[in-house]
Amino acid sequence: MVKPNPRDLAVTVLEKVEKQGSYSNLTLDATLSKYSLDPRDAHLLTNIVYGVIQHRLTLDFYLAPFVKNRKLDAWVRVLLQGAVYQMVYLDKVPERAIFYDATEIAKRRGKLGVAKFVTAILRNIQRQGVPSLDTIKDPIERLSIEASTPRWLVDLLIKEQGLEKTESILSVINQPASASIRVNTQKHTVAELQAQLQDRFPEIAPSKVAPAGLVSPGGHLAGAPEFEYGMFTMQDESSMLVAPSMTLKPNFEVLDACAAPGGKTTHIAEYLDAEAGGKVVALDLHPHKVKLIAKNAARLGLADRVDAWAMDAREAQDTFAPASFDRVLVDSPCSGLGLIRRKPEIKYEKKPEDLQHLPEIQGAILNSVASLVKVGGRLTYSTCTMAKAENQNVVAAFLAAHPDYHQIPTPGLERLTQAHNAPALQLFPDDYGTDGFFIATLERVGE
């Protein structure tokens, strides 16, 4: 049996991401599960896949004077991008290995002429070097290419956050994201689980952001048996802040209006007590995702307080009685611009027009659940984006249409000195190395 080549597998993954719109993390995980790679090859495959996606615009800039106007098949383009990424960013990888594998991959996938073309491009780059980014005269365009972030998004960040903050955000978005887990505090403390995992993940440490979180710069935490035993779940540090901010009590009835895959649902459930009447109703539009919510709740031992329904959140007001929930969470569908470090393809897929139609959906969901909150209860709105159009602007529009609500400071986050946009919470990737995230707390005060 021929040993799988990590560079060849990288071309396959990258081609799927580009042509089929596949998520890089899911496609990569499926590939790693299918092939038995040794740790070194698995690391190289992962590095190439994320590196090429993160630096795509920069790599295309480097390739442009050598490829010129020649139209390339997708696999040829990602093969060249991967080779140049290794040449420029991975200084410990020998160029002879890069050239040999690129040529052999081109031979297997194409024709001899394609292989000769690929080899010629790489040899020319080796001799001449890649073009300097300093040749880009427009400073904003140079920032866009250097950070491999579309110009429209750079312009938006500068408009909303200023140049200095934008440069800071862009300086970290192409750095690898750490793995983070949320400890199931129904079973043990954070310190106890850290001690149990320490031998396999020696760098694992408590989160500086989330009290229930542990963070590790490397390692396949989801493969640990403790995951299957329900001792923890995978969740970004920033999203672990939502449930604590809701100031939950054991007997509360809670609606999680956009719940899949259930990370926040199960975190909410940890604060509830089924015997005291506490429960969280979790909604998702897709039945298969509802099953996933129920599966996660069962794995964590929280099924007795989670009730998962297949339902469009915009129909909730027709199903549940008015003023029937102490707390409602709308973790809304959004552009996902805060997830760029984990899913770098997002920055190329999203368009300015997405920020025009998404607020309509977000506002519609908030409007549809507003009547379900008890007077004195709270409606929490959260997103994993950094765009004001999807965040505070949506909140402002909601408040203008609902005089029975007012915004209060998001609770429990006082220790986050880098937080922005009070009274809501806005985190950016450069603040604490988390995903970009937004949380607003709206209290129903009555007519």
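- Ser24 and Glu345 are linked by a side-chain donor-acceptor pair at a separation below 3.5 angstrom, with hydrogens and angles left out of the test.
- Scanning all heavy atoms of the two residues, the minimum distance from Arg314 to Ile361 falls at NH1-CG2, 4.4 Å.
- Scanning all heavy atoms of the two residues, the minimum distance from Met240 to Gly213 falls at SD-CA, 3.6 Å.
- Evaluation of the ring-ring contact (aromatic ring centres under 6.0 Å, His included) rule for His286 yields His288 as partners, not counting sequence neighbours.
- Residue Glu349 qualifies as enclosed at atom CD: its count of foreign heavy atoms under 6.0 Å is above 12.
- Under a cutoff of 6.0 Å and an axis angle of 45°, Arg70 and Phe117 form a cation-pi pair.
- Pairing each heavy atom of Asp236 with each of Ser180, the nearest pair is CA-OG, 3.2 Å.
- In summary, the side chains of Asn296 and Thr266 do not present any donor paired with an acceptor at a separation below 3.5 Å, with no hydrogens or angles considered.
- Taking every heavy atom of both residues into account, Ile439 and Thr410 meet most closely at O-OG1, 3.1 Å.
- Side-chain atoms of Ser144 come within 3.5 Å of backbone N or O of Thr149 as a donor-acceptor pair.
- Of the N and O atoms on the side chains of Arg299 and Thr233, at least one donor lies less than 3.5 Å from an acceptor on the other residue.
- Counting heavy atoms from C-beta on, the side chains of Gln161 and Gln426 never come closer than 4.5 Å.
- Evaluation of the ring-ring contact (aromatic ring centres under 6.0 Å, His included) rule for Phe61 yields no partner, not counting sequence neighbours.
- Contact annotation: the side chain of Val290 never approaches that of Met311 to less than 4.5 Å [non-hydrogen atoms, C-beta and beyond].
- With hydrogens and angles disregarded, no donor-acceptor distance shorter than 3.5 Å links the side chain of Arg182 to the backbone of Ser239.
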Verdict with reasoning, Asn174 to Tyr50, per side-chain contact (heavy atoms from CB on, under 4.5 Å): CA-CA 9 Å; Asn174 293 326; Tyr50 281 119; over 6 Å; no

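- Side chain of Asp73 to main chain of Trp75: no donor-acceptor pair is present (N/O by atom type, distance under 3.5 Å, no hydrogens or angles).
- Considering only heavy atoms from C-beta on, Gln54 stays 4.5 Å or farther from Ser148 through its side chain.
- Annotation: cation-pi geometry not satisfied between Lys208 and Tyr432 (NZ/CZ under 6.0 angstrom from ring centroid, within 45° of ring axis).
- In Arg96, the CZ atom is not crowded: 12 or fewer heavy atoms of neighbouring residues, nucleotides or ligands sit closer than 6.0 Å.
- At least one donor-acceptor pair closer than 3.5 Å links the side chain of Thr58 to the backbone N or O of Ile145.
- Around the CD atom of Glu164, the shell of radius 6.0 Å holds no more than 12 heavy atoms that belong to other residues, nucleotides or ligands.
- Smallest separation of non-hydrogen atoms from His55 and Tyr89: ND1-OH, 3.4 Å.
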Steps toward side-chain hydrogen bond (donor to acceptor under 3.5 Å, both in side chains) verdict (Thr434, Glu237): CA-CA 6 Å; Thr434 69; Glu237 296 169 86; over 6 Å; no

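- A side-chain donor-acceptor contact under 3.5 Å links Glu160 to the backbone of Lys388.
- Looking at residues two or more places apart in sequence or on another chain, you find a salt bridge (charged side-chain N to carboxylate O under 4.0 Å, His left out) between Asp138 and Arg151.
- In this structure, the side chain of Gln86 engages the main chain of Gly82 through a donor-acceptor pair within 3.5 Å.
- At least one side-chain heavy atom of Val254 sits under 4.5 Å from a side-chain heavy atom of Met246.
- Side-chain contact annotation: Thr265 with Asp256, donor-acceptor N/O pair under 3.5 Å present.
- Asn367 places a side-chain N or O within donor-acceptor distance of the main-chain N or O of Gly363, the cut-off being under 3.5 Å.
- Contact annotation: the side chain of Val67 never approaches that of Tyr62 to less than 4.5 Å [non-hydrogen atoms, C-beta and beyond].
- In the model, Thr383 has a side-chain atom that pairs as donor or acceptor with a side-chain atom of Asn391 under 3.5 Å.
- Listed here is the closest heavy atom pair of Val394 and Gln362: CG2-OE1, 3.5 Å.
- Proximity of Cys384 to Asp435: side-chain heavy atoms (C-beta onward) are nowhere separated by under 4.5 Å.
- Contact annotation: the side chain of Gln418 never approaches that of Phe428 to less than 4.5 Å [non-hydrogen atoms, C-beta and beyond].
- At most 12 non-hydrogen atoms from other residues, nucleotides or ligands lie less than 6.0 angstrom from NZ of Lys16.
- Ser368 places a side-chain N or O within donor-acceptor distance of the main-chain N or O of Ala313, the cut-off being under 3.5 Å.
- For the pair Arg200 and Glu226, the salt-bridge criterion is met [side-chain N within less than 4.0 Å of a carboxylate O].
- Residue pairs that meet the salt bridge (Lys or Arg N to Asp or Glu O under 4.0 Å) test with at least one member in residues 281-296, sequence neighbours left out, do not exist here.
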Trace of the side-chain contact (heavy atoms from CB on, under 4.5 Å) decision for Leu28 with Asn25: CA-CA 5 Å; Leu28 179 61; Asn25 59 336; 5.9 Å; no

Test log, rule salt bridge (charged side-chain N to carboxylate O under 4.0 Å, His left out), inputs Asp430 and Lys165: CA-CA 9 Å; Asp430 62 317; Lys165 182 62 176 176; 2.8 Å; yes

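- At a threshold of 4.5 Å between non-hydrogen side-chain atoms, the residues Pro6 and Ile48 do not count as touching.
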Step-by-step side-chain contact (heavy atoms from CB on, under 4.5 Å) determination, Leu358 to Lys350: CA-CA 11 Å; Leu358 279 168; Lys350 298 303 177 183; 5.7 Å; no

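- Residue pairs meeting the salt bridge (Lys or Arg N to Asp or Glu O under 4.0 Å) criterion with at least one partner in residues 41-54, sequence neighbours excluded, are Lys3-Asp41.
- Partners of His357 according to the ring-ring contact (aromatic ring centres under 6.0 Å, His included) rule, which considers only residues two or more places apart in sequence or in another chain, do not exist here.
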Stepwise salt bridge (charged side-chain N to carboxylate O under 4.0 Å, His left out) test for Glu15 and Arg109: CA-CA 12 Å; Glu15 187 180 18; Arg109 291 173 175 259; 3.8 Å; yes

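- Proximity of a side-chain donor or acceptor of Lys68 to a complementary backbone N or O of Pro65 within less than 3.5 Å is detected.
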side-chain contact (heavy atoms from CB on, under 4.5 Å) evaluation trace for Thr319 with Trp309: CA-CA 11 Å; Thr319 304; Trp309 298 41; 3.7 Å; yes

